[in-house]
Amino acid sequence: MTEQPRLLLVEDEPGLRLTLSDRLRSEGYTVESAANGDDGFRVASQGGFDVLILDVMLPGKNGFDICRDLRQKGDATPILMLTARGQTVDKVMGLKIGADDYLTKPFETPELLARLEALRRRGGGPVTGPTYKFDDVRVDFRSTEVWHGEEQLQLSAKEFQLLKYFIEHRNETLSREVLLHEVWGYESTPSTRTVDVHVAWLRQKVEEDPKKPKLVLTVHGLGYKFVG
Ligand code: CA
């Protein structure tokens with residue numbers, strides 16, 4: 001991502017909105033902000049953001065409503081929610097409706113920046129909706145379940161993340177290094193062989209004939225390409 005990432009901040013506390021916007025701009029973000037939930041939802045719906053920061057308690061539509069309604073429209077933009085201290089119930093609820101991460105107020109700005117960076121790295125391109133279908137396979141990004149017809153496939157967390165990344169970058173040739181960096185990230189897996197092993201496992205689960213893959217293709221000398 002070489003362009004300036006676009007960020008929408010929906011926060012009703014004027015002080016926090018201003019200081020945060022300034023700080024994010026100085027970190028290279030193009031920042032738009034909204035002071036209430038209705039404006040926030042309207043601006044978010046126009047799309048084109050790389051990441052959204054939603055305060056939970058807002059006048060008008062609250063942060064949860066915005067998140068839920070965006071996800072229902074199939075908008076998969078990464079969302080970081082800001083919750084007040086001790087709102088653990090809120091946290092669980094937010095995860096269910098499709099938020100990607102949380103930060104409890106008050107927070108340190110470097111912590112926020114780190115979370116945003118992680119979200120953007122994880123985010124990839126927009127997915128077509130909360131579920132994705134190819135062949136007889138249905139992937140539910142919210143429940144992280146994968147179904148083959150009526151049968152639920154048992155994918156490990158890494159296999160799911162790998163599949164998700166493939167779907168988000170379908171028809172792109174992805175090198176082992178890119179997959180390792182994007183899917184495994186800082187877990188510092190030593191070898192790109194790890195990618196091959198996980199691709200093989202994933203093929204066992206989603207391919208009709210894992211020996212003759214039709215979904216996760218090998219691009220010789222380059223890497224893999226998902227064409228589902
Ligand atoms: Ca608030």
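In listed order, ligands and their atoms are each counted from 1. No hydrogens, no waters, no symmetry mates; every other heavy atom, side chains included, goes into these values.
- For the pair M57 and K105, the minimum side-chain heavy-atom distance is 4.5 Å or more.
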Please output the side-chain donor-acceptor pairs of residues 144-154 that fall under 3.5 Å, not counting sequence neighbours, one pair per line with the distance.
unit_1, atom_1, unit_2, atom_2, d
E145, OE1, W147, NE1, 3.2

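- The Ca ion (ligand 1) has D12 OD1, D55 OD2, M57 O as its protein N, O or S neighbours under 3.0 Å.
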For residues 215-228, which side-chain donor-acceptor pairs fall under 3.5 Å, sequence neighbours excluded?
unit_1, atom_1, unit_2, atom_2, d
T218, OG1, R203, NH2, 2.8
Y224, OH, D196, OD1, 2.6

Q) Yes or no on salt bridge (Lys or Arg N to Asp or Glu O under 4.0 Å) for R71 and D100, after CA distance, side-chain angles and deciding distance? A) CA-CA 11 Å; R71 293 300 187 241; D100 298 279; 2.8 Å; yes
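- Within the structure, every pair that satisfies the side-chain hydrogen bond (donor to acceptor under 3.5 Å, both in side chains) test and touches residues 14-26, not counting sequence neighbours, is listed here: R23-E27.
- The only option from L116, L52, T30, D50 that meets the side-chain contact (heavy atoms from CB on, under 4.5 Å) definition with L7 turns out to be L116.
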